[in-house]
S.K.: 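Shown below is the structure under consideration.
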Amino acid sequence: MDHGPSLENLSLPDGSTVRCAWLIPITSAEVRYKKKHGLEALEERFEAGGLDYLDPHRASVC
């Protein structure tokens with residue numbers, strides 16, 4: 001899935017920018033992993049595991 005600045009920032013015709021915040025549900029195991037190893041490490045697990053952000057029934061990556 002595409003992600004990053006192209007989806008986070010929307011430029012409007014008047015020159016202003018709207019910033020979109022991502023809300024991604026994570027499991028309790030992923031919360032513990034993030035607290036211990038940091039957000040970047042958790043995001044790397046998401047990438048390595050091919051996380052499907054749109055699947056509410058996905059398995060934990062941790």
Side-chain angles (χ1 to χ4, degrees):
M1 169 177 275
D2 292 333
H3 60 283
S6 64
L7 291 178
E8 293 172 9
N9 300 299
L10 174 65
S11 297
L12 300 177
D14 68 0
S16 61
T17 301
V18 174
R19 175 141 189 209
C20 300
W22 286 73
L23 296 176
I24 302 170
I26 61 175
T27 67
S28 57
E30 292 164 344
V31 171
R32 287 190 302 274
Y33 186 88
K34 185 229 173 236
K35 287 179 179 179
K36 184 173 182 179
H37 301 283
L39 178 59
E40 188 171 326
L42 178 59
E43 289 177 338
E44 288 172 5
R45 296 288 291 258
F46 288 163
E47 289 292 321
L51 178 68
D52 181 357
Y53 297 97
L54 300 177
D55 180 3
H57 305 291
R58 70 173 179 80
S60 178
V61 298
C62 297

S.K.: Same cluster or not: Ile24 versus Leu42, using hydrophobic residues (I, L, V, M, F, W, Y) connected whenever any side-chain heavy atoms lie under 4.5 Å apart?
M.R.: yes
S.K.: Using side chain to side chain contact (heavy atoms under 4.5 Å, CB included) as the criterion, list what pairs up with Leu12, not counting sequence neighbours.
M.R.: Leu10, Asp14, Ser16, Val18
S.K.: Using the side chain to side chain contact (heavy atoms under 4.5 Å, CB included) criterion, which residues pair with Thr17? Sequence neighbours excluded.
M.R.: Asn9, Ser11
S.K.: What residue pairs, at least two apart or across chains, pass salt bridge (Lys or Arg N to Asp or Glu O under 4.0 Å) with a residue in residues 53-62?
M.R.: Glu30-Arg58
S.K.: Please test Ile26 against Val61 for side-chain contact (heavy atoms from CB on, under 4.5 Å), starting from the C-alpha separation and ending with a verdict.
M.R.: CA-CA 9 Å; Ile26 61 175; Val61 298; over 6 Å; no
S.K.: Mind checking ring-ring contact (aromatic ring centres under 6.0 Å, His included) for Phe46 and listing every partner two or more places apart, or none if nothing turns up?
M.R.: none
S.K.: List the residues meeting side chain to side chain contact (heavy atoms under 4.5 Å, CB included) with Ala29, not counting sequence neighbours, and say none if there are none.
M.R.: Thr27, Arg32, Ser60, Cys62
S.K.: With sequence neighbours excluded, tell me which residues meet salt bridge (charged side-chain N to carboxylate O under 4.0 Å, His left out) with Arg45.
M.R.: none
